[in-house]
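Working notes, beginning with the structure itself.
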Amino acid sequence: TPVAGVDPLGDPILHTRFALPVRPATFLRRTRLLQHLDAGLETPLTMVNGAAGAGKTLLVADWAAGLRQPVAWLTVEAEEQRPGTFWAYFLQALSTCGTPLSDRVHCPVDPSRVSHKVLSEIAEDLVGRDPAPVVVLDEFDRVSASEVAELATLLVSSASPGPPAL
């Protein structure tokens, strides 16, 4: 049985990974790009891509701060390659934004794997939520474990038409 506040390895959940980044006083709002992100709310997945240092994270944080629906933010760490641990953090991100899932959705207990049943339960629990949460996976390009990316694709396709994800 998983313990609240720890990942499948027994390490404490790092809550800083769920915080929207603070925009500096010198931040320049990019209205045209914000409009593109707003249009992305009509689709199950929106990807923001650009060169390192281009301001993708701050752009999405600025956009997310203005949304009415809950935003589950998860900053992905480069060393995070274990599927069970990734999905434990994903579930915690939803809970942190005020979108806890039902009791039937269980946190993965094995750091190296996650069952399709868990992902099906997550998708079923998210479908039809009003308002649907927006899920931001910042730095998702750091994930090199193909299983994590494949399972994320499975979740997006299973949960469509919602939740929107970035």
Side-chain angles (χ1 to χ4, degrees), residues 4-7 11-83 85-101 105 107 114 119 122-123 125-145 148-166:
V6 298
D7 68 20
D11 295 327
I13 294 284
L14 303 174
H15 291 281
T16 56
R17 293 178 53 189
F18 309 117
L20 264 68
V22 176
R23 294 165 315 279
T26 58
F27 179 76
L28 178 62
R29 175 166 269 171
R30 293 144 86 185
T31 307
R32 183 181 60 80
L33 295 176
L34 294 174
Q35 292 170 344
H36 284 291
L37 290 173
D38 284 339
L41 287 172
E42 302 301 319
T43 65
L45 176 69
T46 299
M47 184 173 137
V48 178
N49 192 14
K56 301 174 296 292
T57 295
L58 290 178
L59 169 70
V60 175
D62 184 45
W63 172 75
L67 293 176
R68 291 188 190 110
Q69 63 259 59
V71 177
W73 186 282
L74 174 57
T75 300
V76 178
E77 296 294 329
E79 64 274 0
E80 184 46 67
Q81 302 303 321
R82 294 181 172 102
T85 303
F86 173 83
W87 290 102
Y89 269 89
F90 182 91
L91 292 172
Q92 185 64 45
L94 288 170
S95 180
T96 299
C97 83
T99 309
L101 299 179
V105 178
C107 186
V114 64
L119 293 179
I122 294 169
D125 210 70
L126 289 173
V127 169
R129 289 238 179 181
D130 188 24
V134 171
V135 178
V136 176
L137 301 175
D138 187 35
E139 305 285 352
F140 190 73
D141 60 314
R142 293 177 173 183
V143 173
S144 61
V148 172
E150 290 166 8
L151 294 172
T153 301
L154 176 66
L155 179 65
V156 169
S157 64
S158 297
S160 296
L166 289 173

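Fair warning: this is a prediction, and the values are worked out from it, not measured in the lab.
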Please name the pair of heavy atoms, one in [X] and one in [Y], separated by the smallest distance, quoted to 0.1 Å.
{"X": "V148", "Y": "P83", "value": "CG2-CA, 3.8 Å"}
{"X": "V22", "Y": "L58", "value": "O-CD2, 3.8 Å"}
{"X": "P131", "Y": "Q69", "value": "CB-CB, 3.7 Å"}
{"X": "P133", "Y": "L126", "value": "CG-CD2, 4.0 Å"}
{"X": "R23", "Y": "A61", "value": "NH1-O, 3.7 Å"}
{"X": "W73", "Y": "A19", "value": "CD1-O, 3.6 Å"}

Does a side-chain heavy-atom distance below 4.5 Å link [X] with [Y]?
{"X": "W63", "Y": "D38", "result": "yes"}
{"X": "D62", "Y": "L20", "result": "no"}
{"X": "L137", "Y": "V143", "result": "no"}
{"X": "C97", "Y": "V135", "result": "no"}
{"X": "V48", "Y": "T57", "result": "no"}

For the atom pair [atom1] ([X]) and [atom2] ([Y]), what is the distance rounded to the nearest 0.5 Å?
{"X": "L155", "Y": "E150", "atom1": "CG", "atom2": "CD", "value": "14.0 Å"}
{"X": "L91", "Y": "I122", "atom1": "CG", "atom2": "CD1", "value": "4.0 Å"}
{"X": "T96", "Y": "Y89", "atom1": "OG1", "atom2": "OH", "value": "10.5 Å"}
{"X": "K56", "Y": "E139", "atom1": "NZ", "atom2": "CD", "value": "7.0 Å"}

### Task
Return yes if some donor-acceptor pair links the side-chain N/O of R17 with the main-chain N/O of T75 below 3.5 Å, else return no.
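A pair under 3.5 Å: yes.
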#### Entry: Test item: R142 side-chain N/O and V76 main-chain N/O as donor-acceptor pair under 3.5 Å
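Between the backbone of V76 and the side chain of R142 there is a qualifying donor-acceptor contact (under 3.5 Å).
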### Message
Going by side chain to side chain contact (heavy atoms under 4.5 Å, CB included), L94 matches just one of L101, D125, V105. Which one?
### Response
L101
### Criterion side chain to side chain contact (heavy atoms under 4.5 Å, CB included) against V114, the qualifying member of F90, F86, W87
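That would be W87.
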